[in-house]
Amino acid sequence: MEKLQALKKTFNSDIKNTDDSSEMLDNLYIKYLGKKGAINNIISEFVKLYPNQKKEWGPRINTFKKEVETALKNLQQKTLSSENVINSIDITLPGIKPHIGHTHPITQMKHYAENIFLTMGFKVVDSLEVDDDFNHFETLNFPKGHPARDMWDTFWTEDHLLPIAHTSTMQHRILKTHTPPFRVIIPGKCFRYEATDTVHEHTFYQIEGMYVSKDTSLAELIGVLETFIYTYYRYKIPYKIQPTFFPFVEPGLELLVEHKLKSGEKKWLELIPAGMIHPNVLKMAGLDPNTYKGFAWAIGLDRLVMLKYGISDIRAFHKGDLRFLQQF
Ligand code: PHE
């Protein structure tokens, strides 16, 4: 009896003197309700009593135990109350900006360029990342052993597929599955076995374009490309067009834009190779070149973005340097 009364007293004063902290609460739990706590201690004495004493003391001990449990539970509520949490937060401190990433500048500009072509009535078709000899060379008028293959002959997988060296690898499929007149663009990632420098990279992006109808012309091709670059750069960027050779176009041309170097010197940068689709390419897809005409191009997306932002080295895109990427 004495022990129980003394315990009640200490418990009441403990509860009064608590500072509502969670450590204090833990200590009280251990002290009273723990395995070796005060209440279990009393119970171990209780079992030694005579049955008639047990009848009297059993309920009293139980009531005390319940009181302790409720008191500690209430205390816990208080400790966890929002008042306490709020007090521990200094709402006058400046917030921390969450660190959320964003899409790569190439991806951003790919979408931007796609939208320009969408307004011109083109639809977007995805490219592949590996393809076979047939689509990569054969159907593009590169017969086996043709010397021009060397320019695109890059890596081969063990299954005789190659990571595409240009998005033109989709041309035959598009010609086979679309009825003229049609216009599509095909953005894709390309790979080349080549020495890198400030304007050449082994992995880069192209946006292929194709337009086939009965009466299109070279003038229309140039018109589309000019409209695109003026819309993309939002001003009349100086450009020139010169003839060049690709086995799958006739005539072939390339559009170059003026590129200011760090030194202030101006240089022409090849931005869009293009041309009128070669009659053999149309024929291989079952289209009569006497009835149908088409043009195609491939924009060098990385270079397009370089010129927009004045980036002096194409290799910056794939270095993964956050100081570079976070600027976009
Ligand atoms: N596929 C060519 C290249 O990557 C570019 C090109 C596309 C040329 C379409 C003409 C027409 O070099």
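Each ligand, and each atom within it, is numbered from 1 in the order the structure gives.
Within the 4.0 Å heavy-atom criterion, the part of Ala274 lying near ligand 1 is the backbone and not the side chain.
Ligand 1 lies out of reach of Gly252, whose nearest heavy atom is not under 4.0 Å from it. Using a 4.0 Å heavy-atom cutoff, Arg192 is listed among the residues neighbouring ligand 1. Put simply, part of Trp152 is less than 4.0 Å from ligand 1, judged by heavy atoms.
In terms of N/O distances under 3.5 Å, ligand 1 is approached by Gln206. Looking at ligand 1, you won't find any N or O of Gln171 less than 3.5 Å from one of its N or O atoms.
By the 4.0 Å N-to-carboxylate-O rule, Asp131 lies close enough to Arg173 to be salt-bridged with it. With salt bridges taken as basic N to acidic carboxylate O contacts below 4.0 Å, none links Asp215 and Lys293. Using a cutoff of 4.0 Å between basic side-chain nitrogens and carboxylate oxygens, Arg315 and Glu201 are not scored as salt-bridged.
Looking from atom 6 (C) of ligand 1 to the surrounding protein, the closest heavy atom is Phe248 CE1, 3.8 Å.
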Evaluation steps, side chain to side chain contact (heavy atoms under 4.5 Å, CB included), between Phe204 and Lys189: CA-CA 6 Å; Phe204 60 97; Lys189 192 182 197 174; over 6 Å; no
Side chain to side chain contact (heavy atoms under 4.5 Å, CB included) between Trp297 and Leu271: does it pass, once the steps are laid out? CA-CA 10 Å; Trp297 73 77; Leu271 187 65; over 6 Å; no
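A centroid separation of 6.0 Å or more is found between the aromatic rings of Phe142 and His136.
With hydrogens and angles disregarded, no donor-acceptor distance shorter than 3.5 Å links the side chain of Tyr32 to the backbone of Val68.
Between Tyr112 and the choices Phe228, Tyr232, Phe328, the ring-ring contact (aromatic ring centres under 6.0 Å, His included) rule is met once, by Tyr232.
Residue Val249 approaches ligand 1 through these ligand atoms, each under 4.0 Å from one of its heavy atoms: 10 (C), 11 (C). Within ligand 1, counting atoms from 1 as listed, the ones closer than 4.0 Å to a heavy atom of Glu208 are 7 (C), 9 (C).
Of the candidates Gly300, Ala296, Pro247, it is Ala296 that places a heavy atom closest to atom 11 (C) of ligand 1. Of the options Ala165, Pro273, Ala298, Ser168, the smallest heavy-atom separation from atom 1 (N) of ligand 1 is shown by Ser168.
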